[in-house]
Structure formats: C-alpha cells, structure tokens
There are 2 protein chains.
Amino acid sequence: MATIEDVARLAGLSRTTVSRVINNHPYVSEEKRQTVRSAMEQLGYVPNSIAQRLRTQTNETVAVLIPRLSNPFFSHLVDAMEDIAALYRFQLIICQTKSGKEREILYLDWLKTRQIGGVIFASSENDWQDIKRYQQYGPILFCNEYPPGTEAPIIHLDQLQGGYMGTQHLIERGHTKIGYCYSGRQNTNIRDRFKGLKLALKDHGLSIKEDWIFKDAYDTKDGGRIYYEIMALKDRPTAVFTGSDEVALGIIAEARRNGTHVPKELAVLGFDDQPIAGLMDPGISTVYQPVKDIGKMAMELMIQLIRGGHPVQQITELPLHLIVRAST
Amino acid sequence: MATIEDVARLAGLSRTTVSRVINNHPYVSEEKRQTVRSAMEQLGYVPNSIAQRLRTQTNETVAVLIPRLSNPFFSHLVDAMEDIAALYRFQLIICQTKSGKEREILYLDWLKTRQIGGVIFASSENDWQDIKRYQQYGPILFCNEYPPGTEAPIIHLDQLQGGYMGTQHLIERGHTKIGYCYSGRQNTNIRDRFKGLKLALKDHGLSIKEDWIFKDAYDTKDGGRIYYEIMALKDRPTAVFTGSDEVALGIIAEARRNGTHVPKELAVLGFDDQPIAGLMDPGISTVYQPVKDIGKMAMELMIQLIRGGHPVQQITELPLHLIVRAST
DNA sequence: TTGTATGCGTTATCAT
DNA sequence: ATGATAACGCATACAA
C-alpha cells in the first residue's frame, strides 16, 4: 500500500504539499498540484482513513440502535437513515439490541473506544441517567422512542395525536364502545398513544371499560385470540384500536372464519400501514407513521452534530396520518 | 480522554507495561497488573480503537452490500449476519446499493481507504473483473448472489434445486401446464431457478409454452396484471410458479375478486415464505429459503478471513424447502 | 507557496 | 519482568 510518503517522494515534494492537495487546501500552485495528482494516480494512492481519523480526532460513522432488523418498522427506518448517511459519505453501523439493556450499553461503549462518532437510539431500554454519561464521548440522539427525562435531541412521532386521530375516526363512524390492544411492553410511545385514545373519548363524552383493554398483543396469532376474547364479552366493543396491523389482521382473519362481518359487526383499526394492510380484503384502515421522515431528519441532525454543531435539547414531533380503508 | 500515557504515569510504570496488561500479555507480575488495573479504573480509561487499528493494521468491521433494507429478504439476511458479528464484537456496516453499479464501487473503495476490513456482497451488479482488483485490500465474499466467473468464496441457496422442487410439486398435484413469472432482472439466481423448472418439466416429459412466461413480476400489482394476462389466454396454464410471494398474493387476490377458485382453477406457488404467505386465506404454498443460515455462515467465514484465514474458492450451497399450504 | 518538525494513541522491537 | 524507542500514516503549527 502506497503511503503519503511514497507519493511525496515520487513527486519530488514534501508530505505536507501532498497532504494539502488531498485536502484541497489553497496555496498550492497548479503545477505542483498536477504533479502530485499524477503521482497519486500512478501509485494508486488513497489516503488511509484510519490514520486520518487518529490525526483529526473525527469519526464519520454513526451507530443506530434498534431492537431487530427483521421488524419492518425498523428496517424502513434504517433504510431512510442510510440514504442520508450515504449522501454525506458517512458510515452506518447497525446494532441490534434485542431489547436488551446490556446490549445497548455494549454498543454505547463503542462511543467510548472511539469506534463510532455518534449514536442514534431508535429504541431504548435503559434509563436516561445510565445513558447520559456517554454524552461526553460523542453526540447521542433519540429517534422514535426515548426514556423519560431525556436531555438530548429527540425526533419522534406524535403518538398522542395518532391515538387521538384514530379514535376520533372510529367515533365519527358512530362507534361509542371502543376497544384497545397493546403489547405488554410499556414504553413512552405506547403510553402516549393510549393517552390520545382516552383524550379523544373524553372529548366526546365517552370512556373505555377495563374489559375492553387487551394486552400482550404483538402479532397475528394474538389478534386471533383477542377476537375470541372480544366475542366472549357480554357487553362488547363495536370497534377496536389495535395498535398494530398484524394484530388487526389476526382479528379480521378470525372474524371472517367465524362469519363476523368487518366492519359492520366489528370495526378494526390497524397501525403502521404495513404492506399487508393494503393488500388484505377488506383493506385495513390504519394509522400511517412517516418513518422515513424521522429517519432522515435524525441522520441529518446527527451528521451536523458530529461535524461540530452543538446539541440543543430540541424535540421534533411529526404527525401521523389516517388511512381509511374498508375495515372501519 | 485519558490515554495510555496517563495510566502509565498514574501507575508509575511504562506505557509498555500498561499495553501488556491491556492485551493480556504474559510476563507481567500480578502485582503490577493490579496497579495498572486500578489506574485504568480510576481514570475511566479505555483504549482508543482507532489508534489500535492504525498500529496493528487490522479492522474488525464488515460492510454488507444489499440492494435495499426495506426488502424483507435482505433485512432478514442482515439480521442474521449482525447476530454473528455482535458475537465476535465485529461491526457491521450497512450499504444500500439500490442495485447501482457505481454505488457498489463506492462502497468497495472503503476497503481501499481502510475504512472497513472486508466486504460481503449479498447482491451484485458489477462484473467479477471489476470487483476482483479490490481483493488485494481485504477479503471479499459473496452471499446469495454472485457474478459469473467469481473467484471468491460463495455461499448461496440452490436456486436450481428450488426451481426443480417447486415445479415437481405442481406436477405431482397433477398439473401439466405450468406458468412462470420472473422479474425483468436477469441474475444468476433467477436464471438457475428457471433452469430448475425446465429440468423438472423435461424429466416428466413436459415443457413450457412461450405464452406462459410472464415477466416484470415484482410486486402485488404485477400479480394482479398477470392474473388477467393468464385469463386472456386461449390455452392457459393451470398452475403458476411465481418466484415471489408478493406476486402470488396479487394473483390470488385478483382471482378471488373474479371468482376464480384457487387452487382448483388456478394453483399458485409463491417463493420466499414471507409472513404474508402464511396469513393469507388461502395460505400460499411457497418455497422457503433458509436466509438466516446463509447469513450466519457468510459472516462466520468473513470473520475467519479477516482474522487471517486465507480464502479458498469454496462454494457452499444450501437447499431450499417446500412449504405446502392451500394455494396449490 | 513550500517544507520541517511534531504529535495523534497505540503496539512491537530490542535492550536490560 | 520491565522499559526506552521507533513506527503505523497522516495533518498541522510554525518557519522559511
């Protein structure tokens, strides 16, 4: 591998001049610039970026922490982030935490060892106090989810508004008895969404019964189970806010098998607008989350921070959109 | 940030001794080892990995080239790869090529600039001759797809066997007129799959008509279009090998809308076993690809290569599996 | 406009 | 068992 020294020797100039050409410095005569260029060409020289990083104390790589990539929400999020990273020639390191506290810290340590220049949390299990101390080693920001009390930039989706909007839609369709499903996990997003639902109910003089709240709702299988739980109730909801397209799908599929008409006998609202939502028959009404948008914004901000911008405790909130199909 | 020098000073020892402790070298007395340990602790010292990389000329980061992450096949592939990388404390850099030749080369240049230690191609648009020259900068291997003439380790799925197996299944179900869909792109995988189909037909004394081959089949929308193309034929196939669950889904959905019974009037075989395949009604019979397995194998091999193993021109081929549901 | 000297934080070589 | 010193490849303060 040719080094800057080799280029300098071949060009009959100093390393400094070569370095100046590499970094497009002014005060290099056009003549010498050409000499250096051709020497680099001739030797197939490219600067060693590891040496550059050591010297300049910069690191243009960003780690993104997500639970797992096989979750479409996160793969789409990272997709958008990588687009921006590539645009700025930044590297994107993927870190699957499997929702594990220790895994998160493991990756945060990479910030300490200078293996990465910054960290974007797309989900987080640790308390802010345990993450905070890593800020001294590089920028940290949150995209999508964040622990309570976070003192770092946050870009997220307005789950409260999403919960409100979805519920209002069901109310406008004439429903007064509305059920709700949520995964067992209790993060800020899920809590906010539920707050939105309750707020919308309250604003219309309605409320939710304890019986109409279904938990452990993760996938299609859970949806099937929940269908039966709903049907077993004496006083049952006429609409369900599922919080997940998979769960909605499960309920709808089971309803069809049992001859329960959707949406006449049971309206079902999904969440996320995953591809299946539009493909099902009936199509699933759902709440679309502009994932790509927050992904891009988060990466843009991170790059500015790594390049020397200073973090402000800003919270960016993007609204969700309602997509009405046949299931409501 | 504390450096090795700071630790040495505090411990009243030399940098060399501290370095020895860091790297678990023998010939360090237990006493001094403790002294160093507590000094490191006290200063919150961690070695600067950039400096380590420069000094040792090693780089434990792997770049994975894929078309795009939002394609579930690839997100599951990378998921598996990251599991292995994390196990060995390697970093995984995600590179979306958007199926662009230039993008691939752009990322390959990272190998040259020492930003990464090795490259795994999960798809590739460039010819082997254009990739070959980068081998001198670090290990390169192919997982899933590879250009003709590749002289590097290859781990892939036996598409020919998959094509054969799927076709044979349809034949066993009594079909003699079998249609075939493929995306416009012509890569080795798609070609091999088609070879498998023709081979199976030939082995049973059958053949395919030009009319029964449908191209530009990427997604559900295309499936819908293809349904009508099939129905418009005077002599039409009674079964279709779609090469994609999305396309299969599109055909099935359109068939249902038009009252065409699946599988009685038209049997449909998918490919990939994406989640939707099992959730649809009727469930889609499909060809499952052990994506996780090749992902893990590829990353294991890459890590061995980066750690100094020498690449052998080995080809690892994994078989596909048939999943029979209701659509055939 | 160009060059000299120094240091980024490590590890490896060679003494002792 | 421990330490002094050089080297990895580069960029920059300073000098000329």
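In what follows, chains carry the letters A, B, and so on, assigned in the order in which the sequence lines appear, proteins first and then strands, with residues in each chain numbered from 1.
Taken to the nearest 0.5 Å, the CE atom of A/Met297 stands 5.5 Å off from the CG atom of A/Leu318. Note that OH of A/Tyr45 is 4.5 Å distant from CD1 of A/Ile4, once rounded to the nearest 0.5 Å.
Note on B/Val46: only backbone sugar-phosphate atoms sit closer than 4.0 angstrom, heavy atoms only; bases stay farther off. Within the 4.0 angstrom heavy-atom criterion, only backbone atoms of the sugar-phosphate kind lie near A/Thr3; the bases stay farther away. Here B/Leu13 lies in heavy-atom contact (under 4.0 Å) with sugar-phosphate atoms only. Using a 4.0 Å heavy-atom cutoff across all strands shown, B/Thr56 reaches sugar-phosphate atoms only and no base atom.
Distance B/Gln52 CD to D/dA7 C1': 16 Å, rounded to the nearest Å. In this structure, the CD atom of A/Glu30 is 10 Å from the P atom of C/dT2, given to the nearest Å. Between the CE atom of B/Met40 and the C1' atom of C/dT10 there is a distance of 14 Å, given to the nearest Å.
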Applying salt bridge (charged side-chain N to carboxylate O under 4.0 Å, His left out), run through A/Lys101 and A/Glu104 and close with a yes or a no.
CA-CA 5 Å; A/Lys101 275 189 162 190; A/Glu104 281 181 18; over 6 Å; no
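Within a 6.0 Å sphere centred on CD of B/Glu41, other residues, nucleotides and ligands contribute 12 heavy atoms or fewer.
The side chain of A/Ser29 contributes an N or O atom lying less than 4.0 Å from OP1 or OP2 of C/dT2. Side-chain N/O atoms of B/Gln57 include none lying less than 4.0 angstrom from OP1 or OP2 on D/dA7.
For a distance-only test at 3.5 Å, the side chain of A/Arg15 qualifies as a donor-acceptor partner of the base of C/dT6.
When the nucleotides C/dT10, C/dC14, D/dC10 are ranked by their closest atom to the side chain of B/Arg20, C/dC14 comes out on top. Nearest nucleotide to the A/Tyr45 side chain, out of D/dC10, D/dT5, C/dT10: D/dC10. In this structure, the nucleotide among D/dT2, C/dT1, C/dT10 sitting nearest to the side chain of B/Thr17 is D/dT2.
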